[in-house]
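Report on the following structure.
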Amino acid sequence: MRRFTGDRLVVATHNRGKLEEIRDLLQPYGVTTTSNADHDLPEPVEDGTTFVENARIKAHAASKATGLPALSDDSGIEIEALDNAPGVHTADWAETGNGRDFVMAMTRAHDELVARQAPQPWRARFSCTLVLAWPDGHDEIFPGTMPGRIVWPMRGDRGHGYDPIFQPDGYDETFGEMDRWEKNKISHRADAFKKLIAGCFD
Ligand SMILES: O=c1nc[nH]c2c1ncn2[C@H]1C[C@H](O)[C@@H](COP(=O)(O)OP(=O)(O)OP(=O)(O)O)O1
Ligand SMILES: [Mg+2]
């Protein structure tokens, strides 16, 4: 596995919530991070069929464009009773044509569970795949996951995306109710980060 030896890293995301979490998670390692916004990078088309494929598309696009190593995150929520939807389409469910509306997306998830008469608890998991890519085309891949359940109504105004309807196993709070440090200890992203750090930073 290739180690990260530089001191500059592009965080290849357009999602502010993710960017803040990733910066907190990288904070102990003394890396200077920039993001897609700082480099004025367009959002690449995510036409892969898996989290790994989409994460590789994003990391390689940013690394090639900047000449720097780049770290991407492709993530989503998989709801068992919906045949693991929305999965790689998690962001698409929020798309309005004019920005993203996560209340709409969470309402859709709830409405589909009710329409299917899915018995509670509504089992689900958040997944995250991190890809660290270098300009020469090399990359390293790190998967992470957090199991839990979908709750309704939405709870909490912290976090981002689908956080208000996801209650991780072993906790009474949703991700939307947790403070950022608590979420960053246990999330799917934190799980993938442990592997990234062990493989490439420690
Ligand atoms: O911790 C999370 N808490 C709540 N929701 C989350 C989380 N992690 C991912 N999600 C949801 C929202 C996001 O829209 C979608 C991932 O889609 P995904 O394409 O990976 O991210 P994105 O389009 O928002 O940003 P970008 O591709 O520029 O990194 O899953
Ligand atoms: Mg995306």
Side-chain angles (χ1 to χ4, degrees), residues 1-44 46 48 50-78 88 90-91 94 100 102 125-135 138-146 148 156 158-164 166 168 174-176 178-202:
M1 186 165 292
R2 189 186 294 181
R3 294 178 52 75
F4 179 85
T5 53
D7 58 359
R8 291 177 68 197
L9 180 66
V10 181
V11 182
T13 183
H14 286 84
N15 178 320
R16 276 183 156 280
K18 278 187 190 179
L19 182 63
E20 283 173 20
E21 289 181 12
I22 290 169
R23 285 194 161 141
D24 283 347
L25 286 159
L26 279 173
Q27 201 267 325
Y29 301 95
V31 187
T32 302
T33 57
T34 49
S35 77
N36 284 9
D38 301 306
H39 300 280
D40 222 3
L41 298 181
E43 202 163 350
E46 298 175 40
T50 62
F51 296 123
V52 173
E53 284 174 18
N54 285 335
R56 292 188 79 230
I57 288 168
K58 292 186 277 192
H60 286 288
S63 183
K64 289 225 159 62
T66 60
L68 291 167
L71 178 67
S72 69
D73 166 316
D74 200 63
S75 41
I77 194 162
E78 297 170 296
V88 291
T90 300
R100 291 187 181 153
F102 285 98
R125 79 187 77 79
F126 259 121
S127 292
C128 169
T129 299
L130 298 172
V131 168
L132 177 57
W134 280 264
H138 182 84
D139 65 32
E140 303 286 354
I141 301 170
F142 305 94
T145 185
M146 179 72 221
R158 292 167 157 166
H160 57 98
Y162 293 66
D163 281 344
F166 184 78
T174 65
F175 272 173
M178 282 182 183
D179 77 47
R180 59 197 283 188
W181 304 109
E182 186 77 28
K183 181 184 171 192
N184 251 354
K185 269 189 238 161
I186 65 162
S187 75
H188 47 307
R189 191 159 290 112
D191 185 36
F193 248 86
K194 279 182 204 126
K195 299 167 195 171
L196 166 73
I197 297 304
C200 298
F201 282 81
D202 253 359

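In this chain, residues are counted from 1 in sequence order.
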Between [X] and [Y], which heavy-atom pair has the shortest distance, and what is it?
{"X": "N184", "Y": "A190", "value": "O-CB, 3.1 Å"}
{"X": "T174", "Y": "P164", "value": "CG2-O, 3.6 Å"}
{"X": "S127", "Y": "T145", "value": "OG-OG1, 4.0 Å"}
{"X": "G76", "Y": "F51", "value": "N-CE2, 3.7 Å"}
{"X": "I186", "Y": "M146", "value": "O-SD, 3.1 Å"}

Here the ring-ring contact (aromatic ring centres under 6.0 Å, His included) pairs for residues 12-39, sequence neighbours left out, are Y29-F201
Could you tell me whether a side-chain N or O of [X] sits under 3.5 Å from a main-chain N or O of [Y], the two making a donor and an acceptor?
{"X": "N36", "Y": "L41", "answer": "no"}
{"X": "E140", "Y": "R2", "answer": "yes"}
{"X": "S63", "Y": "A59", "answer": "no"}
{"X": "S72", "Y": "A55", "answer": "yes"}

Calculate, to the nearest 0.5 Å, the distance between atoms [atom1] and [atom2] belonging to [X] and [Y] respectively.
{"X": "K64", "Y": "W134", "atom1": "NZ", "atom2": "CH2", "answer": "13.5 Å"}
{"X": "L71", "Y": "T13", "atom1": "CG", "atom2": "OG1", "answer": "9.5 Å"}
{"X": "F193", "Y": "L25", "atom1": "CZ", "atom2": "CG", "answer": "5.0 Å"}

So, do [X] and [Y] sit near enough that their side-chain heavy atoms are less than 4.5 Å apart?
{"X": "S75", "Y": "F126", "result": "no"}
{"X": "P168", "Y": "M178", "result": "yes"}
{"X": "V31", "Y": "F4", "result": "yes"}

Fill in: R8, CZ: over 12 other non-hydrogen atoms inside 6.0 angstrom
no
Does CG in D40 sit with more than 12 non-hydrogen atoms of other residues, nucleotides or ligands closer than 6.0 Å? no
* To do: Output yes when E46 and K58 qualify as a salt bridge under the 4.0 Å nitrogen-oxygen rule, no when they do not.
  => yes
| Carboxylate-amine/guanidinium proximity below 4.0 Å for D163 and R158 | no
Residue pairs meeting salt bridge (Lys or Arg N to Asp or Glu O under 4.0 Å), one or both in residues 9-20, sequence neighbours left out, come to K18-D73
So the salt bridge (Lys or Arg N to Asp or Glu O under 4.0 Å) pairs with at least one residue in residues 193-202 (sequence neighbours excluded) are D191-K195
Parallel, tilted or perpendicular, judged at 30° and 60°: which one describes the rings of F175 and H188? parallel
Q) If we ignore angles and hydrogens, is there a donor and acceptor under 3.5 Å between the side chains of R23 and T33? A) yes
Q: Give the intermediate values and the outcome of side-chain contact (heavy atoms from CB on, under 4.5 Å) for residues L132 and L9.
A: CA-CA 9 Å; L132 177 57; L9 180 66; 3.7 Å; yes
